[in-house]
Amino acid sequence: MTEGRRRLAVLVSGTGSNLHALLDASHDGSLPADVVLVVSDRHEAAALDRARDAGISAVAVPPGPGEERSRYDSTIAAIVAEHDPDLVVLAGWMRILTMSFLRHFPGQVVNLHPALPGELAGTNAIERAFDEARAGTRTATGVMVHLVPDEGVDDGPVLASVEVPIHADDTLDTLAVRMHAAEHELLVHTIADLCSPIPSAKG
Ligand code: GRF
């Protein structure tokens, strides 16, 4: 691990394209941080393979049948804490974290959501934006990165956001491609900003 670089734990549930963007940026020097752990709540998440291919510790921890959320979150928190991360990045993590997790990482948990602040919280935000555009009630959507201080869903202090237009000839696929590209860029830039030392006022 390079001296001075930040440590990222990344929580995922699916494909892992945002994890991949972080890994690429870590390797090419644009992100002064290393992914030190990837946790998935699903064994079959392709993101786990991406992490293992990159030589990163990657674990699947599915919740047990009927397991209480707080108990599950305590388990995940213990695993993450062992890796002493500076930031915990939720990159396509599809569970709401309770305070049993969040209280261990105050000001350190960052979520990516494919919608603008205050809009389309929850799952399938890209599909819902597309449907609204087709219905004539929306011409754009966007992406945001925000802190996760509590159990609010896709809610919390916004670190960065970017608008993504919805074109008249978009299909759900073309919109999704544009949204994912916007996510990758915004997530990497926002995490890089959080990881960069603040320049001294004395110059
Ligand atoms: C992203 O759209 C993320 O914002 C969302 O789930 C998707 C995950 O994509 N909530 P990936 O697993 O990073 O490819």
Side-chain angles (χ1 to χ4, degrees), residues 6-19 21-22 31 33 35-42 45 47 59-129 141-164 179 182-196 198:
R6 305 295 179 162
R7 299 169 61 82
L8 308 180
V10 183
L11 274 52
V12 297
S13 299
T15 312
S17 66
N18 286 285
L19 168 67
L22 290 170
L31 176 63
V35 177
V36 295
L37 173 69
V38 173
V39 178
S40 170
D41 60 334
R42 296 170 59 240
V59 288
V61 189
E67 182 173 2
E68 267 184 34
R69 285 168 64 208
S70 61
R71 187 186 148 109
Y72 176 78
D73 286 1
S74 298
T75 302
I76 299 286
I79 293 168
V80 171
E82 273 173 25
H83 290 75
D84 192 24
D86 295 294
L87 293 175
V88 179
V89 183
L90 312 181
W93 171 255
M94 300 309 284
R95 294 176 60 89
I96 298 163
L97 290 168
T98 63
M99 295 313 292
S100 298
F101 181 93
L102 296 170
R103 69 164 172 263
H104 296 280
F105 307 102
Q108 294 172 274
V109 181
V110 176
N111 183 46
L112 169 70
H113 182 58
L116 290 170
E119 296 187 359
L120 301 165
T123 56
N124 302 318
I126 301 174
E127 288 84 344
R128 285 185 284 143
T141 180
V143 172
M144 74 166 156
V145 178
H146 65 95
L147 289 170
V148 185
D150 56 32
E151 296 175 25
V153 178
D154 298 320
D155 187 25
V158 176
L159 297 169
S161 65
V162 64
E163 189 171 291
V164 175
M179 287 289 285
E183 285 190 311
H184 301 162
E185 189 176 343
L186 192 73
L187 182 65
V188 167
H189 284 152
T190 308
I191 299 298
D193 283 350
L194 289 174
C195 292
S196 301
I198 298 164

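Values below: all heavy atoms of this structure, side chains included; hydrogens, waters and symmetry mates excluded.
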* Is the backbone N or O of Val88 less than 3.5 Å from a side-chain atom of Gln108, with the two atoms forming a donor-acceptor pair by type? -> no

For this session: Taking Arg7 for its side chain and His83 for its backbone only, find out whether a donor-acceptor pair lies under 3.5 Å.
Result: yes

Are [X] and [Y] packed together at the side-chain level, in the sense that at least one heavy-atom pair is separated by less than 4.5 angstrom?
X: Val80; Y: Phe105; value: yes
X: Pro62; Y: Asp41; value: no
X: Ile79; Y: Leu37; value: yes
X: Val148; Y: His146; value: yes
X: Val143; Y: Ser161; value: no
X: His184; Y: Ser17; value: yes
X: Glu67; Y: Thr75; value: yes
X: Asn111; Y: Val89; value: no

Counting only heavy atoms not in Glu185 (residues, nucleotides, ligands), do more than 12 fall under 6.0 Å from its CD?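 No.
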
I'd like to know whether CD of Glu68 has more than 12 heavy-atom contacts from other residues, nucleotides or ligands below 6.0 angstrom.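 Count not over threshold, so no.
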
Exercise: identify the closest heavy-atom pair between [X] and [Y]:
X: Val162; Y: Ala182; value: CG1-CB, 4.3 Å
X: Ala47; Y: Gly16; value: CB-CA, 3.5 Å
X: Ala115; Y: Leu120; value: CB-CB, 3.8 Å
X: Tyr72; Y: Val61; value: OH-O, 2.5 Å
X: Thr141; Y: Met179; value: CG2-SD, 3.6 Å
X: Pro117; Y: Met144; value: CA-SD, 3.6 Å

From [atom1] ([X]) to [atom2] ([Y]), nearest 0.5 Å:
X: Arg95; Y: Ser40; atom1: CZ; atom2: OG; answer: 10.5 Å
X: Leu97; Y: Asp150; atom1: CG; atom2: CG; answer: 11.5 Å
X: Leu90; Y: Asn18; atom1: CG; atom2: CG; answer: 11.5 Å
X: Ser100; Y: Ile76; atom1: OG; atom2: CD1; answer: 12.0 Å
X: Leu116; Y: Asp154; atom1: CG; atom2: CG; answer: 12.5 Å
X: Ile126; Y: Glu183; atom1: CD1; atom2: CD; answer: 5.5 Å

Start with the C-alpha distance between Val110 and Leu159, add both sets of side-chain angles, then the distance that settles side-chain contact (heavy atoms from CB on, under 4.5 Å), and finish with yes or no.
CA-CA 9 Å; Val110 176; Leu159 297 169; 4.1 Å; yes

Set out, in order, the CA-CA distance, both residues' side-chain angles and the distance that settles side-chain contact (heavy atoms from CB on, under 4.5 Å) for Val188 and Leu22, then state yes or no. CA-CA 6 Å; Val188 167; Leu22 290 170; 4.2 Å; yes

Point to revise | Criterion side-chain contact (heavy atoms from CB on, under 4.5 Å) on Leu87 and Arg6, from CA distance to verdict | key: CA-CA 8 Å; Leu87 293 175; Arg6 305 295 179 162; 6.0 Å; no

Does NZ or CZ of Arg69 come closer than 6.0 Å to the centre of the six-membered ring of Phe101, within 45° of the ring's axis?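 No; the conditions do not both hold, so Arg69 does not lie above the ring face of Phe101.
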
